[in-house]
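Here is the structure we will look at, set down as structure tokens.
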There are 2 protein chains.
Amino acid sequence: MPYHHGDLRRALLDTALEAIEEQGPAAVSLRDVARRAGVSHAAPTHHFRDKTALLTALAAEGWSLLADALREAAAGGGEFAELGVAYVVFATSHPAHFAVMRAPGLARTDDPDLEAAMGRASAEMRSGVRRFEAGSTRDADTTSLAAWSLVHGLAALILEGAVPLKADADVAEVARAVTARLRPPP
Amino acid sequence: MPYHHGDLRRALLDTALEAIEEQGPAAVSLRDVARRAGVSHAAPTHHFRDKTALLTALAAEGWSLLADALREAAAGGGEFAELGVAYVVFATSHPAHFAVMRAPGLARTDDPDLEAAMGRASAEMRSGVRRFEAGSTRDADTTSLAAWSLVHGLAALILEGAVPLKADADVAEVARAVTARLRPPP
DNA sequence: TCGCACATCTTGTCAATGGCAAGACCTCGG
DNA sequence: CCGAGGTCTTGCCATTGACAAGATGTGCGA
């Protein structure tokens with residue numbers, strides 16, 4: 001093992017994700033992450049000023065990945081609902097990322113990278129809604145906020161355990177059914 | 001000051017709420033809560049086994065208060081949308097409670113009291129939806145899940161700062177507009 | 001009324017954590 | 001070849017959560 005870890009920054013991020021999946025984002029300890037990564041307890045300092053900085057980086061990465069997933073879903077050319085499905089599928093397949101993204105107070109919400117990534121995801125939702133609302137006289141901002149709220153809330157409720165999904169339930173199916181309750185443009 | 005604090009349990013809960021509003025639910029320290037309440041650092045032990053137990057109690061209290069608010073809104077006899085408005089208004093007017101309710105990993109989700117309180121809120125949403133869906137052939141469970149997701153997501157996005165509300169924006173107005181995007185029964 | 005069981009609160013202690021400081025080590029440019 | 005700077009380590013400190021043991025008040029029954 002070389003003294004200089006190849007890419008400790010990435011290793012720490014990945015290790016943190018593992019720890020979060022096991023213990024939740026609040027219980028993560030920097031020292032434990034360092035231990036898992038095989039470095040000393042102070043090694044992370046050089047890559048992340050803070051524990052908060054590490055979590056903020058993960059949140060930003062999460063929003064960015066989500067934006068990518070939404071863009072890809074939109075490129076698929078399917079119905080608008082596919083955007084919502086992609087959102088919920090992302091949340092359930094990246095639980096650690098999503099947990100940090102919506103955990104209150106863990107990430108530094110005024111971080112420029114985080115703000116940019118959130119903005120990108122939000123813009124992706126909005127552009128999807130714009131197609132949905134083509135020719136409508138309704139306020140597109142309200143519609144996109146409604147759509148975003150719907151899928152964000154569904155994902156949150158599922159991950160909070162507030163919605164006990166049946167074992168054989170397909171998340172995408174549920175998301176599709178729920179998204180269908182959005183009122184189409186007049 | 002009496003040796004026996006009149007109702008230390010309640011005092012700790014209230015003090016914790018203050019601390020959460022100031023520093024977020026993740027940064028709350030039991031010792032700080034005890035200090036603010038004017039008792040020794042080990043006093044909370046007798047009322048809450050754990051730090052988690054305190055937060056779990058707060059989460060349960062939050063869901064219970066939310067259920068009450070929903071019931072009251074339903075009793076008002078207004079439109080279904082008023083349920084959604086009540087949900088979002090509750091979240092923004094009880095930010096500390098709502099933060100603990102949706103924070104991943106802070107509360108013990110298998111706690112009986114918490115489960116009961118969440119169930120009560122969920123049932124309140126469902127009964128509201130049942131009126132909304134009267135005479136409809138649609139799956140009421142899906143509709144209530146959609147409604148719940150919509151308002152939960154909107155509240156979460158607002159409190160996460162993902163939706164920058166304009167200073168003069170009325171939360172209830174926004175909630176009403178967003179809720180109106182739900183598709184009415186055929 | 002008295003005394004005792006018990007809940008309540010306190011002080012003392014321990015391991016673990018986050019963060020800082022100072023030093024060891026490695027790599028790369030000149 | 002050597003020094004500068006980035007990378008990582010060891011050492012340290014205050015704070016925290018949890019536990020143990022003791023002090024203090026309260027209320028119940030005899």
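Here is how names work: the chains are called A, B, and so on, in the same order as the sequence lines, proteins then strands, and each is numbered from 1. What's counted below: heavy atoms across the whole structure, side chains too, no hydrogens, waters or symmetry copies.
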With the 4.5 Å side-chain cut-off for hydrophobic clustering, are B:L159 and A:L157 part of the same group?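 Both belong to a single hydrophobic cluster.
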Starting at [atom1] of [X] and ending at [atom2] of [N], how long is that distance when rounded to a whole Å?
X: A:F48; N: C:dG19; atom1: CZ; atom2: P; value: 13 Å
X: A:R9; N: D:dC8; atom1: CZ; atom2: C1'; value: 17 Å
X: B:D50; N: D:dC19; atom1: CG; atom2: C1'; value: 12 Å
X: B:K51; N: D:dT16; atom1: NZ; atom2: C1'; value: 8 Å
X: A:H47; N: D:dT7; atom1: NE2; atom2: P; value: 6 Å
X: A:R36; N: C:dA16; atom1: CZ; atom2: P; value: 16 Å

Which ones in residues 24-35 of chain A lie close to DNA chain D, meaning a heavy atom under 4.0 Å from one of its atoms? A:R31
Is there a side-chain contact between A:R131 and A:F80 in this structure, where contact means two heavy atoms from C-beta onward sitting under 4.5 Å apart? no
Would you tell me whether B:R126 and B:S122 have side-chain atoms, one donor and one acceptor, within less than 3.5 Å of each other?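 Yes, a side-chain donor-acceptor pair sits under 3.5 Å.
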Distance-only side-chain donor-acceptor flag, B:S29 / B:D32, under 3.5 Å: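 Short answer, no.
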Verify the ring-centre separation between A:F90 and A:H94: is it less than 6.0 angstrom? yes
For B:H46 and C:dC9, is the shortest distance between a side-chain N/O and OP1 or OP2 below 4.0 Å?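 No.
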Examine C:dG19: is either OP1 or OP2 under 4.0 Å from a nitrogen or oxygen in the side chain of A:H41? Give yes or no. no
For A:E173, is there an ion pair with A:R176 - N to carboxylate O distance below 4.0 angstrom? yes
Residue A:A42, side-chain atoms from C-beta onward, closest of C:dC9, C:dG19, C:dC20: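 In terms of side-chain proximity for A:A42, the closest of C:dC9, C:dG19, C:dC20 is C:dC20.
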